[in-house]
Amino acid sequence: MEVFPNITASIPEALDFGFCPINEVTSKTVTIHNPFHKTPTQISIVNNSPFIISPLSGTIQGRGKLDIAVSYTPTDANVLVASVIFQVQNEEDKLMKISAIGKFSYITLNKNVFHFGELLIGQNDTKNLIVKNQSVVPTTFVIEEDTEVQASFGVQSPDNSFAFDLMTGIVPAGQSFLIKIKYSPTVVYMLSAKNFIIRTMGGNSQRFTCIGSGIGLQVSLSSRICNFGEVRSGNSTSRIVTLENQSALPCSFTFYVDKRNIFSFKTIEGNIAAKSTARIVVYFTPKETVSYYCRAFCLIKNHMVLYLDLVGTCYDILQRPIPLSQKDIEVFRTHVLMGTINRLIESAPSLMGSSEEVYAVSAEIPMDEPNQIALHKEMMQNLSEKMISISEEFIDFGFCLKDRTSEGRSITVKNKLPFFVYVMWLIPGETQNPLESPQAFSVSPTSASISPNSLANFQAFFRPYEPGNYFFQGITCQVWIKRPKQPQIDELGRMSTSQTMGSIGAGSNIHLSRFGVMAIPPLNITLPMVGHSFPSNIQPFIPDIKVSPRKHIKFPPCSPGDSMYQSFEIINNADTPCYFRLLSENTGVFKVFPQVGFIQAKKFTLLTIEYHPNSPQNYSSAIKFVLNHSSSQVISIKVSGVCCDPTIFIDNEAKIFYPPLYTGVSSKQKIGVLNSSHIPIDYNIEIPDKYRDELTVEPVTGTMYPHEKIFVEFTFNALKQQEYRFNVPIRIKRVIDLAQDANYIGYFNPGSGEHMHNLRQDPLEKLYHITIHGSGGTGMVDMNPKNIDFDTVSVGFSSVRTFTLSNISNCAIFAKLVIIPKDRSLLQDEDSKQVINSSFVFDFKEGVLAANSNQKVNLRFVPNCRSQSEYYIQCFAKQSFPNHDIRETPLNEDSKIELTAHGDFPVITLIDLRAKNISPSHLWRRFNLTNTINAILSPLTALEIKYNNAEISQTLAQEKLNHFEWDFGKLNFVRSAEARKLRLTMQNIGGVTASFRFVFPDDNKLETEPWVDTGETPPEVAFEDHILENKIFEVNPRGGELQCNQKFDVELSYNPVEIGKHSLNVIFQIIHGKPIVLTLKGETLPPKRGYLTLRAPEFEFEPLPIGLGVGVTQPIKIQNIGDNKITYEVDNSALEDFISENYKFPIFEIQNKEGTIDPGEVTYLFCMFKPLESKEYSVTLPINVKERQNVIQTLYLRLKGKGYHPKRENPPPSPTIFDQLPICRSSFLPDSSNVGFSVESIDFGKAKFGEQIHRMVVIYNKSQTLELKYNFKATELICGDELVLDPISGNLGPNSQVPVKLTLNPNRIPTIYEGELECVIEWENSLKLSGRVGSRKSMDNKELSSGSSSFESIFLRIKKSTVFESPYAINVDSTDLELVKTIFKQTIQNIVSEPDTYNLLEELYHEPSPLMEQLDNSEPPSLYNLYSLEDVFEEEEDELEPDYVLERLYLKDEFTDLSRFILESTVFNAISEAIYQEADLMNSGKNYINMKPT
């Protein structure tokens, strides 16, 4: 614990509350210590700030402390700093600063609507509501029902289906809070939809809705009919029906039948486990020979009604009734439904020829397939409302002594049918077989016939057979419609047994229906009767009843005239039976079935309640039952329901206001529409015809859940410059439930089916209006700044610039920003459109600019290709008019910005590859640079993009990326030999800085701890590790960064430290650019061994015309790269076979088939090609290489050639061995070679015997300090031609140049060759050591060894073809000669007309060069004195002939020959003079030398 010297020291200098939530209390505590004083010390606080401090004064006991509470409740977002003064007794006052920052809280929800779906009553589901605090302060929230929505409800419907585990809480800053929402439906078929709001103390609130639906259990009977067939009188039979519970919860069921009925159930109530079944056993014990029918209803709790049709026929030895079938029942019920029962009765007694005729009457009548409402109506129908009605709903006999018969109770049965009917009461022991227990109730008479629309009276009696007990039974009467008497059947549809058996045959069991006799099912009516034998001095049974649900039964909301049903369960927990009877219900909208009942001990029964409201309001009532005739034993069940009309509530007083709009510009507004009723509704928005072009609505129609709020989007387009104000009707109606048609149509209402197609439920339609306010006008937009420059952006990267759109008008404008090329010729260019669409992204591309407002726009430039263009950003007003395409109108001139944007790849290309003693062409071929460069410059693939994003491994990259081999060639093994070093020049040709790296396999390798067991290393991995460890391949540097257009050299080396072949995979990666896989290869040869190499294993000759007099010779380069002499011999057998196959014509001929080659020597195979036919030729020749008569090597050379017809075919393209090589050295970077040719490729063109061809090249020494000596090696490449190099050798000082003139004298023999001249360079340090500085003596080949670092070679590529003289020489058209003359004339005239030509000739006149002096010893004439050719050749002729004018002067052959010689020498002379003056011709020299001869 910190010790303070006094009380004041324990008071902090400052107290910082930090961020505080608005309208919430934030508290802190300051503890003040009294360290030493033994007596109490008084302290007081002077506070004039908004901070609340408590207490403001107090006493601190000696060695005690005092806690001061400081709290702050900000009401606004601001910063507050205040001071309070602590006054301590006997000490100086202490000032403490208190600071706080008020911040609003802001919460968000993970969802705004929580759909729970459908759940069974008794199930529940939970969903997660996540409250996210997006602010920097903690916040307190409270969940409550949305009272703003509730206020719009006319009729309230309490629904507690949704519950929250927490209704309030605190969410820390930047954190989330989890709330569990539990949905537990309690009302069957009720759609629960409730709106809630989460409020924070800071004023921020979020609304959300919970929606769920409660559904009933899914239970079904295995069959809807139980047909007992024909049973002999007095016998009994049984059937089993299965009741299946398909739901995930257990269910309860009750059959409304009496166990003493003729159709009796073994059990009438029970429970079925989830996903299980119950077997129901039904017995049929008839006595009277008639057909019996009963529809037994089964009630399932939560909630549905099933029915089971019980059918049976009783016969005896004398009579056999017509058996009933399911089809008979369906046809009868359908006739009743449709009101056509008369037709049925008229046709039923007849004996038809076929069964189709019997049932033809019902062919067009819909079968009776009742829904749940129809079943409820039929089940709950009062006895007085049936077709055969009974005056009493039930009979309560009250008390009667044992074995005494009570007074008779009158029962009136009314026949409402237009037929005679026969009524028979089924009384056990009388009209029904006696049961094991005595019968307590009876009816007299037991049967009677009733005329149409007449009455019949019966007496009911009660005779208890036990004292002190309750008796309850549903007495059933069956009513048969009587038929007219027929010879075959009686009034009840019975035939004599002898008739039926006689017509069919004795012992036959063929059914009577086979004869087409129509059976009519009887009507079944059950009248409950109750009585007891408890005298007044004996206490009746005391009931112990439980009701489920116990407190309240709710009905789902509905519309007037609808019917809704719920069920509840009464459980008798007592050991004695219980009788219940319904007391009257006062509202008239609730109806209970059954109204009386009897529950055995430890059993239960299910009852159903119908809710049928007739007006929109809340209904609430109490259903009361009297138990065991005791007025003190009453149970009451509260029931309630909501009936409502469809209503909606529209936000903003049902008005929408639009800002002034630019004509043709649309604006969108959303308005909330709340279904303020408790039922689903349909809505339809009707746009007035006059404004259909101006207004669109989405959605126009739809359905809304109860309490659901939707937002309807109204889009208004002002088409005219005027004010708008009009109303839009919204028509709503309740969602029609077709099942509710059963309130009016069903078997319970005979004849109602006739009107089913015309029945229309009242939709309860209502009309509302939304008022639209708006106006149309014109406007202007200003854009600033007026210029935007992105500079250069790398492809794949982006840059952002910002500008402002200003609407300087009084109306809203729908603005659209468009980028168009500045060059109007590119407006329709597809490539330009593609670049614009893919490279520029607006954060505000188009939208509404409010009147007099500014819109900040960010433009992102994301180039995806190389591009360099200038554009305009232009603002258009987007207008939409009826029956026209959308119009985009340019606004004023100020709505335009000049835009400059350049996109570029980080592109590095390979421009050169050099070695001291290897020609670039060999390196270019070995390293496959042409294909490598093409791959590097190609667009990135999807795989390469993944590699750049580190989405694939390096191992997979080596398998999938582009792969190229870089072959260092073969080296001889010499101890302490230098590595073969190559210098690779690369250049950044893109517009952005680019980086590269060479990735070796061990670059990303992790160091392995010594104790780690890595297992056995695979051979290929071990070989790779060996290469890396011995540094056989090296790249230096392995990476770098290049600025735009910068060139950079990388040194590649192969170190021949051991004999054998070596290879290593590395990845060349341009960062954010192209990756490729390179396989570095090299081979070290054993010492003292020769090795012959071909330039390529295949040689293709120049295509030649057929019919040549002699073949054309071409050389093929071979070289001994070993260090031992070898001999070679071409195997001639394959060539001889080839010649034999071609008519023994020497297509190919090799002149030097064998020879000897010294170590390092280069020689040539001279091959002649003379095609015989117009086709392609090919032959492969083996070449055996020997060393001391031993074959050490066999090579295979494939010769290819093509012949063509000179008159019928165009000459095919010529092959070349120097494809796409750089024409000259690209750069002289530091540490690279300082010597080179001005151009490295010279083409002599097509040469003809006897004509000299001249070319020129410059050798330059770029070294600033060293002198060099150059010497051209002799070569056999030129095939006997004479090639004069002047000079062929010499010295070259630092930073100087020398021109070399090449003169080719073609031989008579036609030859074509393409190869290299090697020029050996010896630098100053070696010249000084050998004492040969300044010597012009030619060096021997042995002296030009490449082993010394002071020697290097540069190579000059030369190419020469020949003019073919064949029998098929093509004549040149004379018009071509005239064309040539005209071109040459114009060329000479242009040259002479140039002022520079006059000046040059004038200088030569005054200071003639040695070359000019050699041409003519006499003084050259002045240009001004040169009038004609005669002045040059004949000085004595003073007068001009009038025909010699300027235009004809240069057409004379003598002058053209002279001009050719003079110009050729003059160019050479001009270059020499420029060199002597130390002028740099690196660039300008190309203008003279890089020309192909004409």
Side-chain angles (χ1 to χ4, degrees), residues 658-670 713 715-718 776-824 826-827 829 832-865 867-880 885-904 991-992:
Y658 288 94
L661 298 175
Y662 192 90
T663 54
V665 174
S666 60
S667 178
K668 297 180 179 180
Q669 296 276 11
K670 288 186 177 181
E713 185 176 76
T715 303
F716 173 64
N717 188 352
T778 59
M780 299 174 66
V781 170
D782 188 23
M783 301 174 67
N784 288 292
K786 298 303 181 184
N787 294 280
I788 293 178
D789 189 354
F790 278 98
D791 297 324
T792 302
V793 180
S794 296
V795 173
F797 290 81
S798 65
S799 181
V800 177
R801 297 289 186 272
T802 302
F803 62 93
T804 303
L805 281 176
S806 300
N807 183 357
I808 56 178
S809 59
N810 294 322
C811 66
I813 300 175
F814 194 104
K816 180 179 180 180
L817 296 174
V818 178
I819 298 178
I820 59 176
K822 198 170 184 179
D823 184 357
R824 302 190 65 84
L826 299 177
L827 286 176
D829 183 68
S832 180
K833 290 181 181 179
Q834 177 66 25
V835 170
I836 293 173
N837 294 334
S838 60
S839 300
F840 294 97
V841 179
F842 291 95
D843 65 346
F844 178 84
K845 174 73 172 177
E846 59 181 39
V848 176
L849 290 178
N852 299 307
S853 66
N854 294 328
Q855 173 67 49
K856 182 179 177 182
V857 181
N858 292 319
L859 174 60
R860 183 179 297 275
F861 178 47
V862 190
N864 61 357
C865 63
S867 61
Q868 181 173 356
S869 298
E870 295 181 345
Y871 308 93
Y872 284 122
I873 305 175
Q874 194 159 1
C875 183
F876 291 81
K878 200 171 181 181
Q879 298 174 289
S880 176
D885 294 334
I886 293 177
R887 182 186 304 169
E888 295 179 357
T889 306
L891 292 169
N892 47 304
E893 285 299 323
D894 291 333
S895 60
K896 182 186 294 185
I897 294 177
E898 291 188 4
L899 172 66
T900 304
H902 299 162
D904 209 342
V992 294

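The figures here come from the full heavy-atom set of this structure, side chains too, leaving out hydrogens, waters and symmetry mates.
The structure places CD1 of Ile813 at 9.0 Å from OG of Ser853, a figure rounded to the nearest 0.5 Å. Between the CZ atom in Phe797 and the OG1 atom in Thr792 there is a gap of 14.0 Å [rounded to 0.5 Å]. The CG atom of Asn717 lies 8.0 Å from the CG atom of Leu661; values are rounded to the nearest 0.5 Å. Ser832 contributes atom OG, which lies 8.0 Å from atom CG of Leu827 (distance to the nearest 0.5 angstrom). To the nearest 0.5 Å, the span separating OG on Ser869 from CD1 on Ile836 amounts to 7.5 Å. Taking CG of Asp782 as the start and OG of Ser895 as the end, the distance is 8.5 Å to the nearest 0.5 Å.
What you find for Glu870 and Thr900 is that their closest heavy atoms are CG-OG1, 4.0 Å. Contact detail for Ser667 and Pro659: the closest heavy-atom pair is OG-CD, 4.3 Å. In this structure, Leu891 and Ala877 approach most closely via the heavy-atom pair CD2-CB, 3.8 Å. Taking each heavy atom of Met780 and Asn807 in turn, the nearest pair found is O-OD1, 3.2 Å. Nearest heavy atoms, Ser666 versus Phe814: O-CD1, 3.9 Å. In terms of heavy-atom proximity, Val848 sits nearest to Ala812 at CG1-CB, 3.8 Å.
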Exercise for review: Please lay out, stage by stage, how Asn854 and Thr804 fare under the test side-chain hydrogen bond (donor to acceptor under 3.5 Å, both in side chains).
Suggested key: CA-CA 7 Å; Asn854 294 328; Thr804 303; over 6 Å; no
Exercise for review: List the steps, then state whether side-chain contact (heavy atoms from CB on, under 4.5 Å) holds for Gln879 with Thr663.
Suggested key: CA-CA 7 Å; Gln879 298 174 289; Thr663 54; 3.7 Å; yes
Exercise for review: Start with the C-alpha distance between Ser799 and Arg860, add both sets of side-chain angles, then the distance that settles side-chain contact (heavy atoms from CB on, under 4.5 Å), and finish with yes or no.
Suggested key: CA-CA 6 Å; Ser799 181; Arg860 183 179 297 275; over 6 Å; no
Practice item. For side-chain contact (heavy atoms from CB on, under 4.5 Å), just list the numbers for Ile873 and Lys896, CA-CA rounded to whole Å, side-chain angles, deciding distance to a tenth of an Å, and then say yes or no. Key: CA-CA 6 Å; Ile873 305 175; Lys896 182 186 294 185; over 6 Å; no
Exercise for review: In sequence, state the C-alpha distance, the side-chain angles, and the governing distance for Ile788 and Phe803, and then conclude on side-chain contact (heavy atoms from CB on, under 4.5 Å).
Suggested key: CA-CA 8 Å; Ile788 293 178; Phe803 62 93; 3.8 Å; yes
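Side chain to side chain, Asn810 and Asn852 meet the donor-acceptor criterion of an N or O pair below 3.5 Å. For the residue pair Thr802 and Asn858, a side-chain donor N or O sits within less than 3.5 Å of a side-chain acceptor on the partner. Between the side chains of Asn787 and Asp789, no donor N or O sits under 3.5 Å from an acceptor N or O.
Aromatic ring centres of Phe840 and Phe861 lie closer together than 6.0 Å.
Inter-residue side-chain proximity for Gln874 and Pro890 is flagged as met; some heavy-atom pair is nearer than 4.5 Å. Residues Pro863 and Val793 are in side-chain contact: their nearest non-hydrogen atoms beyond the backbone lie under 4.5 Å apart. A heavy-atom distance below 4.5 Å is found between the side chains of Glu898 and Lys822. Counting heavy atoms from C-beta on, the side chains of Phe790 and His902 never come closer than 4.5 Å. Side-chain contact between Arg824 and Leu826: absent, with no pair of heavy atoms (C-beta onward) separated by less than 4.5 Å. Counting heavy atoms from C-beta outward, Tyr871 and Ile897 have side chains that stay 4.5 Å or more apart. Within the 4.5 Å cutoff, side-chain heavy atoms of Phe842 are placed close to those of Ile819.
Remark: Glu888 engages Lys816 in a salt bridge, criterion side-chain N to carboxylate O under 4.0 Å.
No more than 12 heavy atoms of other residues, nucleotides or ligands shown are found within 6.0 angstrom of NZ on Lys670. Within 6.0 Å of the NZ atom in Lys856, the count of heavy atoms belonging to other residues, nucleotides or ligands does not exceed 12.
Applying the side chain to side chain contact (heavy atoms under 4.5 Å, CB included) test between Leu859 and each of Val800, Leu899, Leu817 identifies Leu899 as the sole match.
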